[in-house]
Amino acid sequence: MAFASSASAAGIAACLITKTDSNPFFVKMKEGATAKAQELGVELKSYAGKIDGDNESQVAAIETCIADGAKGILLTPSDTKAIVPSVQKARAAGVLVIALDTPLEPITEADMTFATDNREAGRLIGKWAAATMGDKAKDAVIGFLNINPSYPTVDVLRDQGFQEGFGIDVKDPNRIGDEDDARIAGHDFTDGNEQGGLRAMENLLQQNPNINVIHTINEPAAAGAYQALKSVGKENDVLIVSVDGGCPGVKNVAEGIIGATSQQYPLLMASMGIEAIKKFADSGDKPKATDGKDFFDTGVTLITDKPAAGVDSIDTKTGLEKCWG
């Protein structure tokens with residue numbers, strides 16, 4: 001479990017608990033939370049799992065935050081089901097718990113979720129991939145690079161959203177693996193990092209060397225997938241799409257490594273989370289969801305330099321100006 005020193009010497013106590021402290025997405029999230037905590041006089045302590053999927057470290061972090069008298073916890077859960085009892089314990093102790101980016105199962109177990117519409121993020125890259133392929137989409141050979149076998153909610157939402165956007169019948173939209181579309185070549189797991197993406201891509205190519213579309217859970221996984229493809233001379237034969245919109249990922253889109261990515265705004269999620277904790281401490285008011293949704297939608301934008309008809313997008317120049325806010 002990684003620990004960061006507090007952002008303020010005194011004041012309202014808050015915690016940020018991310019999946020890892022190495023993924024650029026969570027690094028930016030920590031930056032947003034730290035800056036806002038300093039601005040508002042909130043004492044922030046930050047924790048992270050060793051790898052994506054490390055529930056044990058997150059459980060220990062919640063226990064520490066409760067013991068320290070934290071008024072609020074910002075949490076990106078690694079295991080969206082297994083962490084629920086710890087969240088319940090925190091809320092019973094009067095702690096405001098806000099999930100960032102990744103909803104709990106069920107989503108109502110957190111006081112609120114500040115997140116990208118991850119299903120829409122998946123739909124956007126799915127629609128773009130199908131439109132880009134045109135008539136060839138009906139004969140696509142698709143591989144999926146997911147997070148880990150527990151399939152946390154963010155993984156399910158992006159995976160199923162991509163399939164919906166591409167035109168695949170997903171059966172149960174809240175479950176991965178019940179689809180019977182012949183275009184699906186397989187799924188493998190990346191732990192949300194580059195090394196995992198390389199390993200998983202190699203595995204999928206062994207299962208089916210004809211894969212020509214890859215959906216990746218995030219941009220580090222996409223970068224690893226590209227390296228695996230390049231090592232066997234297939235980097236120009238496979239369309240890679242992803243989600244994150246971080247500056248390195250947008251640069252990879254500009255360089256043609258990734259075809260398109262859905263941009264999220266983790267700094268905004270985290271800074272809004274700190275504001276919500278401060279408001280809760282001052283007034284007891286809890287944050288409210290976006291109208292018509294069961295979470296607060298922090299926005300998503302498709303980034304590509306090869307726009308497709310019928311799919312709204314912005315180019316990488318604009319994407320670099322917006323990464324990550």
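Keep in mind that this is a model prediction, so the values were computed, not measured.
A 4.5 Å side-chain heavy-atom check between Pro287 and Phe114 finds at least one atom pair inside the cut-off. Between Lys30 and Phe26, the closest side-chain pair of non-hydrogen atoms is not below 4.5 Å. Side-chain atoms of Val300 and Tyr265, non-hydrogen and from C-beta on, never get closer than 4.5 Å to each other. At least one side-chain heavy atom of Asn208 sits under 4.5 Å from a side-chain heavy atom of Val141. The shortest side-chain heavy-atom distance between Ile274 and Leu40 falls under the 4.5 Å cut-off. Considering only heavy atoms from C-beta on, Ile17 comes within 4.5 Å of Ile73 through its side chain. The shortest side-chain heavy-atom distance between Val27 and Glu31 falls under the 4.5 Å cut-off. Val95 places none of its side-chain heavy atoms less than 4.5 Å from the side chain of Lys71.
Remark: side-chain polar atoms of Thr80 are not paired, donor with acceptor, to backbone N or O of Pro77 under 3.5 angstrom. Thr216 places no side-chain N or O within donor-acceptor distance of the main-chain N or O of Ala221, the cut-off being under 3.5 Å. In terms of modelled atom types and a separation under 3.5 Å, the side chain of Arg91 and the main chain of Ser86 share no donor-acceptor contact. In this structure a side-chain-to-backbone donor-acceptor pair under 3.5 Å is present from Asp54 to Lys50. Side chain of Thr20 to main chain of Ile51: no donor-acceptor pair is present (N/O by atom type, distance under 3.5 Å, no hydrogens or angles). In this structure a side-chain-to-backbone donor-acceptor pair under 3.5 Å is present from Glu179 to Gly177. The backbone N or O of Gly192 sits less than 3.5 Å from a side-chain atom of Asn218, completing a donor-acceptor pair. A side-chain donor-acceptor contact under 3.5 Å links Arg183 to the backbone of Ala137. For the pair Glu219 (side chain) and Gly246 (backbone), a donor-acceptor distance under 3.5 Å is present. The closest donor-acceptor contact from the side chain of Lys127 to the backbone of Leu124 lies at 3.5 Å or more, if one exists at all.
When all heavy atoms are compared, the tightest approach of Ala308 to Ala131 is CB-CB, 3.7 Å. Minimum heavy-atom separation, Glu164 to Pro173: OE2-CB, 3.9 Å. Minimum heavy-atom separation, Pro209 to Lys234: O-NZ, 3.1 Å. Counting all heavy atoms, side chain and backbone alike, Ala33 lies closest to Leu16 at CB-CD2, 4.0 Å. Contact between Ile258 and Ala260 at its shortest, heavy atoms only, is CG2-O, 3.3 Å. Between Asp244 and Pro220, the shortest heavy-atom contact is OD2-CD, 3.8 Å.
Note that OG1 of Thr261 and CD1 of Ile240 are 11.0 Å apart. Values are rounded to the nearest 0.5 Å. Considering CD1 of Ile142 and CD of Gln163, their distance stands at 7.5 Å, rounded to 0.5 Å. The distance from the OG atom of Ser78 to the CG atom of Asn148 is 7.5 Å, given to the nearest 0.5 Å. Note that CD1 of Ile217 is 12.5 Å distant from CZ of Phe162, once rounded to the nearest 0.5 Å. With rounding to the nearest 0.5 Å, the separation of CD1 in Ile83 from CG in Leu75 is 6.0 Å. Taking OG from Ser313 and CD from Gln263, the interatomic distance works out to 12.0 Å, rounded to the nearest 0.5 Å.
Remark: of the listed residues Trp128, Phe144, Phe166, Phe144 is the sole one forming a ring-ring contact (aromatic ring centres under 6.0 Å, His included) with His215. The residue from Leu205, Leu198, Asp237 that alone fulfils the side chain to side chain contact (heavy atoms under 4.5 Å, CB included) condition with Leu229 is Leu205. Of the candidates Thr76, Thr102, Asn55, Asp79, Lys19 forms a side chain to side chain donor-acceptor pair (under 3.5 Å) with just one, namely Thr102.
Residues Gln227 and Glu194 bring no donor and acceptor atom of their side chains to less than 3.5 Å of each other. Between Asp159 and Asn146, the side chains place a donor N or O and an acceptor N or O closer than 3.5 Å (distance only, hydrogens not considered). No side-chain donor from either of Gln207 and Asn203 sits under 3.5 Å from a side-chain acceptor of the other.
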Task: Verdict with reasoning, Ser150 to Lys81, per side-chain hydrogen bond (donor to acceptor under 3.5 Å, both in side chains) - done: CA-CA 9 Å; Ser150 71; Lys81 292 179 180 177; over 6 Å; no

Open item on the list: Assess the residue pair Tyr47 and Thr64 against the criterion (side-chain contact (heavy atoms from CB on, under 4.5 Å)); give the C-alpha distance rounded to whole Å, side-chain angles, the decisive distance to 0.1 Å, and a yes or no.
Closed with: CA-CA 10 Å; Tyr47 304 84; Thr64 299; 3.3 Å; yes

TODO: Go through the steps to decide whether Ile214 and Leu145 satisfy the test side-chain contact (heavy atoms from CB on, under 4.5 Å), and finish with yes or no.
DONE: CA-CA 7 Å; Ile214 284 289; Leu145 299 189; 4.1 Å; yes

- [ ] Apply side-chain contact (heavy atoms from CB on, under 4.5 Å) to Lys279 and Lys286, showing your working.
- [x] CA-CA 8 Å; Lys279 184 176 181 181; Lys286 295 183 178 181; over 6 Å; no

TODO: Carefully, step by step, assess Val154 and Asp101 under the rule side-chain contact (heavy atoms from CB on, under 4.5 Å).
DONE: CA-CA 7 Å; Val154 67; Asp101 177 57; 4.1 Å; yes

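Residue Leu100 is grouped with residue Ile277 when hydrophobic side chains (ILVMFWY) are merged at heavy-atom distances under 4.5 angstrom, including chains of intermediate members. One hydrophobic cluster, built from ILVMFWY side chains closer than 4.5 Å, holds both Val213 and Val311. Cluster annotation: Val250 and Ile314 are assigned to the same hydrophobic cluster (Ile/Leu/Val/Met/Phe/Trp/Tyr, side-chain heavy-atom contacts under 4.5 Å, transitive). Cluster annotation: Phe25 and Ile303 are assigned to distinct hydrophobic clusters (Ile/Leu/Val/Met/Phe/Trp/Tyr, side-chain heavy-atom contacts under 4.5 Å, transitive). Val87 is connected to Ile66 through a chain of hydrophobic side-chain contacts under 4.5 Å among Ile, Leu, Val, Met, Phe, Trp and Tyr, so both are in one cluster.
A salt bridge links Glu63 with Lys89: the closest approach of a Lys/Arg side-chain nitrogen to an acidic carboxylate oxygen falls below 4.0 angstrom. For the pair Glu39 and Lys36, the salt-bridge criterion is met [side-chain N within less than 4.0 Å of a carboxylate O]. Comment: Arg123 engages Glu120 in a salt bridge, judged by a side-chain N to carboxylate O separation of less than 4.0 angstrom. Using a 4.0 Å cut-off between a side-chain N of Lys or Arg and a carboxylate O of Asp or Glu, Lys28 and Asp21 do not qualify as a salt bridge. A salt bridge links Asp169 and Lys171; the closest N-O separation between the charged side-chain nitrogens and carboxylate oxygens is under 4.0 Å.
Heavy-atom contacts from other residues, nucleotides or ligands closer than 6.0 Å to CG of Asp312 number 12 or fewer. Residue Gln88 places its CD atom among more than 12 non-hydrogen atoms of other residues, nucleotides or ligands, all under 6.0 Å distant.
Residues passing the salt bridge (charged side-chain N to carboxylate O under 4.0 Å, His left out) test with Asp315, sequence neighbours excluded: none.
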